[in-house]
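Heads up, the thing below is written out as structure tokens.
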Number of protein chains: 2
Amino acid sequence: MKPRTRQKVLEVIESLGYIPNKTARIFKSGKSYILGLVISQAHISEVMSNAGFQAQFKGLTEKAHKEGYNILIITSAEGDAYSYFEVIKNQLADGFIIFSPSQNDTLTSLLDEAEIPYVFNMKYSDNPQDRYYVSSDDFEGGYIAAKYLLDLNHTDIRMLVGSVKGSMLSFNVERINGFKKALAQYGVPFKEEMIVPIIGQMDQSYNAIYQLFQTQKPSALLISNEITTVAALNYFADQGYRVPQDVSIIGFGPSEFFRTLRPNLTNVGYDISWTSSKLVDLLLQRIEGKTPSFEMPKKPELVIRDSTARLRQE
Amino acid sequence: MKPRTRQKVLEVIESLGYIPNKTARIFKSGKSYILGLVISQAHISEVMSNAGFQAQFKGLTEKAHKEGYNILIITSAEGDAYSYFEVIKNQLADGFIIFSPSQNDTLTSLLDEAEIPYVFNMKYSDNPQDRYYVSSDDFEGGYIAAKYLLDLNHTDIRMLVGSVKGSMLSFNVERINGFKKALAQYGVPFKEEMIVPIIGQMDQSYNAIYQLFQTQKPSALLISNEITTVAALNYFADQGYRVPQDVSIIGFGPSEFFRTLRPNLTNVGYDISWTSSKLVDLLLQRIEGKTPSFEMPKKPELVIRDSTARLRQE
DNA sequence: CTGTTAGCGCATTCAA
DNA sequence: TTGAATGCGCTAACAG
């Protein structure tokens, strides 16, 4: 093409204010460069105020941007498989990141049948079909946290885990198993009461912790949810319990968050930015029809700060 | 149509697993039912961890969902007008909600010229062209907060306000003006040092407050940013300052957030859910080509809790 | 190097 | 009530 012609065309484009129609382009190419993040309306509030999700969302957005994609928040009125499938099939994203409120094999098969690329934000079941997620090594996380408390002579430990309608999320099951392994190693018998199911929102968590401490006085807490961790800290502040002198606390989640709490929290730190990035990679591989490479779960790290102390023998 | 034919067609649809092509539909109808939320990559991290944004984002998502829209997060690598315009014109959203890092008349005219419907997340200038935002009554907010402190005998007050490259966001200017009005009413002379510009992220805020208290000992703080508020609380906890006995603090933002802090924070509470909902309304009206109805800014409310105390005269 | 054309999948119109 | 044809705006393929 002659440079002069090129120049002239560009001038006309400029003068007419021509903007290529994105929709037609997408239509023609079949690629929207949009990744759908599917979440139920009921869930969104809980999730938004959670530091772990904030980190994940940030990670997803950044990675997507790096790969030339944008994130479309797709809200489903209800959280069940058919509602999810309905909103998913009605959207133009190239692939979907699904925040399911619970285990969801029905959804998996619906999506597979429709050949829609998707990934989940976490492991939802032990079904070998459930492969499209990126996890951390939660067994290890539960183990190192419990081991550290046991090293500090704590034996009266409670593990506070989120539960949805009585069923435990897979990563919590893992953390509990890690906890149990540590107990066994130190010869401390596991009791059912050590696991305290809890609703991961501020007020419910606060009340549950209040209830717990009405009847029991554990010396240490493993808290599997950031909001519940804040609720616990608030409860102890309100009641005049000193952390770590009266109770030791270990949180689970992004380390930077726990550094903004007072006291600075000992925590099992997960590299959520890495996990999110890998999740986008996985989805993009599915979109491109490649056989996805499954990464090894990354090991979490125990960050020791000021919320844990050696138990004084009485 | 004969019911039997209808039935047969539906069966075939079902058996073939036919899913109508969303892209073609959008292409044909010219409506994507997508609202783009534009934000710069550099800004997203700061914004995500801010309680006010979380509330806003939740409000936007909920309202959009109610109206049958979804939110597309559009990340711009850079924050300037041309970068923003570039990503905006390359997206298929029906309209755009723009989180601009600063005042932006260039962007406004580019968008107007291209006839792209947009709204801003806040007021960016005193230019009468800048009409497409929904504000709260920030003058009133600054006023009632300062008045309350003055009623408690505080006169050595600092107002901590976020500033981007030395320039003040419009709502902060308003809050400062409200602050000044209250001072004038009580006959307390305004001094420049009362306004402390600050970067609204955790570590920077913490350091700035540290610097401030090295040289001065104000008895009360008005803090125009949630993250800075947490940083201040952390600093006081670390230094053994008691709130409110040694310093009084008033925050600005969504009231529910300040209730999760210890001590429970006295704050100027904004109804961010309402503002977000109105913002979507405004955008939808522009998309539909109606002349938008401009709402009166809503008055914030002073929520008195435990972070403010009467100053003892020495 | 330039100009022309077909076709993506749907919705809408017109004809039968 | 049904079938067939048109065109949305772009891209890619092809012919000149």
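Letters A, B, ... mirror the listed sequences (proteins, then strands); counts begin at 1.
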Atom pairs, N/O to N/O, protein against nucleotides 7-11 of chain D, distance under 3.5 Å?
residue : atom : partner  : partner atom : Å
dC10(D) : OP1  : Tyr18(A) : OH           : 2.9
dC10(D) : OP1  : Asn21(A) : N            : 2.7
dT11(D) : OP1  : Arg25(A) : NE           : 2.5
dT11(D) : O2   : Lys28(A) : NZ           : 3.2

_Under the ring pair (Phe, Tyr, Trp, His ring centres under 6.0 Å) definition, can you give me all pairs with a residue in residues 66-96 of chain A, not counting sequence neighbours?_
Tyr33(A)-Tyr69(A)

*side chain to side chain contact (heavy atoms under 4.5 Å, CB included) with Ser163(A): which residues, sequence neighbours excluded?*
Met168(A), Pro197(A)

*asked:* Show me the pairs that pass salt bridge (charged side-chain N to carboxylate O under 4.0 Å, His left out) and involve residues 12-32 of chain B, at least two apart or across chains.
replied: Lys31(B)-Asp94(B)

*asked:* Could you work out how much the helix from dC1(C)-dG16(D) to dA16(C)-dT1(D) bends, comparing the axis of its first five pairs with that of its last five, to 10°?
replied: 50°

_I'd like to check the ring pair (Phe, Tyr, Trp, His ring centres under 6.0 Å) partners of Tyr124(B); sequence neighbours left out, ordered by chain and number._
Phe120(B)

*asked:* Nearest whole Å is fine: how far is dG7(C) P from Ile26(A) CD1?
replied: 23 Å

_Please list all pairs meeting side chain to side chain donor-acceptor pair (under 3.5 Å) that have one or both residues in residues 284-294 of chain B, counting only residues at least two apart or in different chains._
Gln285(B)-Ser293(B), Glu288(B)-Lys290(B)

*Indicate whether the side chain of Asp112(A) and that of Ser109(A) have a donor and an acceptor atom separated by less than 3.5 Å.*
no

*Can you sort out the partners of Ser45(A) under side chain to side chain contact (heavy atoms under 4.5 Å, CB included), two or more places apart, ordered by chain and number?*
Lys58(B)

_Under the rule for ring pair (Phe, Tyr, Trp, His ring centres under 6.0 Å), what residues qualify as partners of Phe53(B), not counting sequence neighbours?_
Phe57(B), Phe99(B)

